[in-house]
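I have placed the structure first, in the form of structure tokens, so that the comments after it can refer back to it.
Position 1 is the first residue of the sequence, and the numbers go up from there. Atom set for the values below is all heavy atoms of this structure, side chains included, hydrogens, waters and symmetry mates excluded. None of these values were measured; they are calculated from a predicted model.
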Amino acid sequence: MARMEYRLLDEARGYPVLFYYDNVNKDEVSLRFACDYLVKGHVVYEKTSCAIENGTYVIYVKRSTEEQAVDYAEAVSARWGSIQIEMREYQEDARVYPLVHTFYFKDDDDALLHLQSDYLYVNGREWEKTSAEVDEDRQVYVYYAKPV
């Protein structure tokens with residue numbers, strides 16, 4: 001188990017810790033390192049970089065000026081013991097992104113490979129990744145993509 005922190009990319013303030021997690025397994029750290037955004041407390045943070053400092057996994061973020069947290073109408077359907085990744089269709093200038101598919105994984109490695117993939121095939125279509133996020137408010141990972 002490891003310690004993980006989200007730090008604000010603010011050199012003048014000494015990179016303050018926004019959020020920290022003790023006893024996080026390295027698979028979850030890997031999943032979060034693969035994400036471009038964090039949604040927490042209805043605020044969207046954009047990842048700027050990742051680091052390992054003195055045995056602590058660190059994700060540096062800045063508050064997103066372009067993205068806003070979305071309250072999706074459909075609730076996340078919890079499945080005990082699974083990692084969920086929603087695939088949502090990215091559309092330029094959209095406020096809400098349509099749900100294309102929800103993946104459920106029992107294995108962290110399979111989930112990580114999906115988050116890291118540049119292309120996925122779903123419902124007979126090829127989709128190109130635009131970004132990925134961890135949405136702590138809804139306890140789900142989100143893979144944004146556009147059809148190829």
Shared hydrophobic cluster, Y6 / V43 (ILVMFWY, side-chain heavy atoms < 4.5 Å): yes
Gap between atom CZ of R13 and atom CG of L8 - 0.5 Å precision: 6.0 Å
L38 side chain reached by V44 side chain, heavy atoms, under 4.5 Å: no
Residues V39, V134; criterion side chain to side chain contact (heavy atoms under 4.5 Å, CB included); working and verdict: CA-CA 6 Å; V39 177; V134 55; over 6 Å; no
Geometric class of the F103/F105 ring pair [parallel <30°, tilted 30-60°, perpendicular >60°]: parallel
Distance-minimising heavy-atom pair for D137 and H42: OD2-N, 2.8 Å
Face-on cation placement of R7 at F19 ring, 6.0 Å and 45° thresholds: no
Approximate separation, where rounding is to 0.5 Å, of S117 OG and E128 CD: 12.5 Å
Inter-residue atom distance E126.CD - L120.CG, 0.5 Å rounding: 9.5 Å
Side chain to side chain, E136 and R32, heavy atoms closer than 4.5 Å: yes
Atom of D109, atom of D107 and distance for their closest heavy-atom approach: N-OD1, 2.8 Å
Atom pair CZ (F33) and CG (L112), whose distance is rounded to the nearest 0.5 Å: 11.5 Å
More than 12 heavy atoms from other groups under 6.0 Å of CD on E11: no
Sub-4.5 Å side-chain heavy-atom contact between E28 and D108: no
Main-chain N/O of A132 paired to D36 side chain as donor or acceptor, under 3.5 Å: yes
Heavy-atom pair of closest approach, residues A111 and I83: CB-CG2, 3.9 Å
Side chain S64, main chain E66, donor-acceptor under 3.5 Å: yes
Option passing ring-ring contact (aromatic ring centres under 6.0 Å, His included) with Y144 (candidates Y97, Y37, Y90): Y97
Rounded distance [0.5 Å steps], CD in E67 versus OG1 in T65: 9.0 Å
Nearest heavy-atom neighbours spanning Y60 and A51: CE1-CB, 4.1 Å
Passing option when R3 is tested against V58, D22, V24, N54 for side-chain contact (heavy atoms from CB on, under 4.5 Å): D22
Check: P98 and R88 side chains under 4.5 Å, non-hydrogen atoms: no
Close side-chain approach of E133 and Y143, heavy atoms under 4.5 Å: no
Any donor-acceptor pair under 3.5 Å from N123 side chain to R125 backbone: no
Cluster link L18 to I59, ILVMFWY, side chain under 4.5 Å: yes
Check: T56 and M4 side chains under 4.5 Å, non-hydrogen atoms: no
Under 4.5 Å side-chain linkage, directly or through intermediates, the cluster mates of V17: Y20
T48 vs V61 side-chain heavy atoms within contact, under 4.5 Å: no
Heavy-atom closest contact (E89 atom, V100 atom, distance): N-CG2, 3.7 Å
Heavy-atom donor-acceptor pair, D10 side chain to Y15 backbone, under 3.5 Å: no
Stepwise side chain to side chain contact (heavy atoms under 4.5 Å, CB included) test for M87 and H114: CA-CA 10 Å; M87 176 189 272; H114 276 71; over 6 Å; no
Sub-4.5 Å side-chain heavy-atom contact between V142 and I85: no
Salt bridge (charged side-chain N to carboxylate O under 4.0 Å, His left out) assessment of E86 paired with R138: CA-CA 11 Å; E86 292 178 345; R138 299 186 313 116; 2.7 Å; yes
Heavy-atom donor-acceptor pair, K129 side chain to L115 backbone, under 3.5 Å: yes
Under 3.5 Å: donor-acceptor pair, side chain of K26, backbone of A2: no
Which atom of W127 lies closest to which atom of V122, heavy atoms considered: NE1-O, 3.5 Å
